[in-house]
Amino acid sequence: MSACSCTWQIKMAKFYQLSREERIEQLQKAGQLNETAARLLRQSPLLPEATAAHLTENQLGQFPLPLGVVHRLRVNGLTREVAIVGEEPSVVAAASNGARMASLGGGVYAQAPQAHLVTAEIVYAGLSKANLQRIDEAHDDLLAVAQRAHPSIVRRGGGVRDIRSIVKEQFTTVLVTVDVQEAMGANIVNTIAEAIADRLDVLLQTRRLFAILSNYSEQLTQASVTIPVAGVATASGNGAAVAARIELASRYAQASTARATTSNKGVMNGVAGAAIALGNDYRALEAGVHAYAGRGQGYAPLTNWRVDGEFLRGTISLPLQLGTVGGAISALPLARVSRELARIECVRDEQEVLAALGLVQNLAALRALVGPGIQAGHMALQAGALAIAAGASGGEVDQLTARLQDSEKTLRNAQRLLQQLRQEEDK
Ligand code: NDP
């Protein structure tokens, strides 16, 4: 045997080339999956009936989506496996590619806010001046009501941090800011807000319009990555040229709402999918992120890329309403597995990992966009879904996917190729 073929034999397959079972095994060996988590992933069990029935009204069934993993995303010096739930085949591939590029610069560094704060609005319409003064005078009483409304969050080190009121047009809004610790906090904050509002209604002798948390927040998680420009080179473009084009595309997004919207959609491909895998409320997350992006004169991109000498530097800033406890998180067995895979220890960590994920997802998208274009990679991965839509099953899926690579990627063509494949098999 030649030295050359020997080298070939011991060459390790890439993570994405392994079978599902081999991937689970590899992560188990690396200590990133324990026995129970590995069993759960192997079996992909449905939720227990009682859990499913309690997580939705009028339950008819369950709706499986694949869970993929972004391999080796380095965040704050730790290498993570970040699970993403979603139906768009290119999302995990792109994020893994972004994670690989980021690792060339030592990975992503991210920082979440020190405290995890959520604010509620208690709104009154048409209050008199005397009533406005009553609200100010009741501050300490309202604080005591708030702490009694949710004593367990106070015992955990959280609770109300601020109560103040603002007047705008005919509306008086009492803003109640709560440290929700490890929870996403919607229910905690709503419980506290309604308790304060009940007390205020009596004090002001009028019924509030409503009391509820706001999903808007400027508590930002920030992440940055600095990559040698050579790391973003493509088959047809050298690193410096590609990095310069990435910067230009980033500047364009700052000037164009149309582009910023699509850029942020790409960021959220990974972030929202990971939030689902972690059992979080991705609607709250999306609402908060897009409202933040639209806070200024126009809708702005969440990321920023600049060339600095031999390096490409990217940053992202976004509010991330997440929790590691509460809501459905503990009821969803795979949410725990996702947390373990990503080595997430607390909510700040969770925010930092997801901000990093959004940043590398954006990098991969921009590099493809200013390089070979987005469709080549997308459509190659989309071919599998097309093969299934055309009716392929079992071994046919891989065969038809392969044939579709160099052929027109339409349903009609996929059906034609499948028919051809079956005729060949019959011969
Ligand atoms: P929960 O109501 O489940 O509250 C979290 C609970 O977790 C706490 O009450 C606390 O109970 C427990 N807990 C255990 N350990 C900790 C810890 N270290 N820090 C904090 N809490 C801890 O969930 P949330 O208040 O987080 O609300 C999230 C849910 O609200 C989601 O399902 C979301 O979809 C939903 N929601 C969202 C809305 C929105 O975004 N607009 C509106 C309404 C609901 P204990 O201390 O007693 O153990």
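Since the model is a prediction, treat every value here as computed from it, not as a measurement. We count ligands from 1, going down the list as the structure has it; atoms in each ligand are counted the same way.
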Minimum-distance protein heavy atom relative to [atom]:
{"atom": "atom 40 (O) of ligand 1", "value": "Asn215 ND2, 3.0 Å"}
{"atom": "atom 8 (C) of ligand 1", "value": "Ile188 CD1, 3.8 Å"}
{"atom": "atom 20 (C) of ligand 1", "value": "Val180 O, 3.4 Å"}
{"atom": "atom 44 (C) of ligand 1", "value": "Asn187 OD1, 3.6 Å"}
{"atom": "atom 6 (C) of ligand 1", "value": "Gly326 CA, 4.3 Å"}
{"atom": "atom 11 (O) of ligand 1", "value": "Ser152 OG, 4.1 Å"}
{"atom": "atom 38 (C) of ligand 1", "value": "Ala186 CB, 3.5 Å"}

Point to revise | 4.0 Å heavy-atom contact, Gly185 with ligand 1 | key: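 In this structure, Gly185 qualifies as a contact of ligand 1 - some heavy atom is under 4.0 Å.
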Review point. When you measure from the side chain of Asn280 to the backbone N and O of Ile329, does any donor-acceptor pair fall under 3.5 Å?
Key: no
Review point. With no hydrogens and no angle check, is any side-chain donor or acceptor of Arg295 less than 3.5 Å from a backbone partner on Tyr292?
Key: yes
Review point. Of Thr191, Val325, Asp281, Asn190, which has the heavy atom at the shortest distance from atom 34 (O) of ligand 1?
Key: Asp281
Point to revise | Option set His150, Met184, Arg156, Arg155, criterion heavy-atom distance to atom 12 (C) of ligand 1, minimum | key: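 Among His150, Met184, Arg156, Arg155, the closest heavy atom to atom 12 (C) of ligand 1 comes from Arg156.
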Check your understanding: Does CZ in Arg339 sit with more than 12 non-hydrogen atoms of other residues, nucleotides or ligands closer than 6.0 Å?
Key ->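 Correct, the count exceeds 12.
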Check your understanding: With a cut-off of 6.0 Å (strictly less than), are more than 12 heavy atoms of other residues, nucleotides or ligands near OH of Tyr282?
Key ->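 Open.
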Practice item. Give the intermediate values and the outcome of side chain to side chain contact (heavy atoms under 4.5 Å, CB included) for residues Tyr109 and Asn76. Key: CA-CA 5 Å; Tyr109 288 88; Asn76 294 341; 3.8 Å; yes
Review point. What distance do Glu81 atom CD and Gln32 atom CD have between them, rounded to the nearest 0.5 Å?
Key: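 Rounded to the nearest 0.5 Å, the CD-CD separation comes out at 4.5 Å.
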Check your understanding: What's the spacing between Leu117 CG and Glu218 CD if we round to 0.5 Å?
Key ->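 Reported value, rounded in 0.5 Å steps: 13.0 Å.
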Exercise for review: Please say whether Ala328 places an N or O atom under 3.5 Å from an N or O atom belonging to ligand 1.
Suggested key: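 No, there is no polar N/O contact under 3.5 Å.
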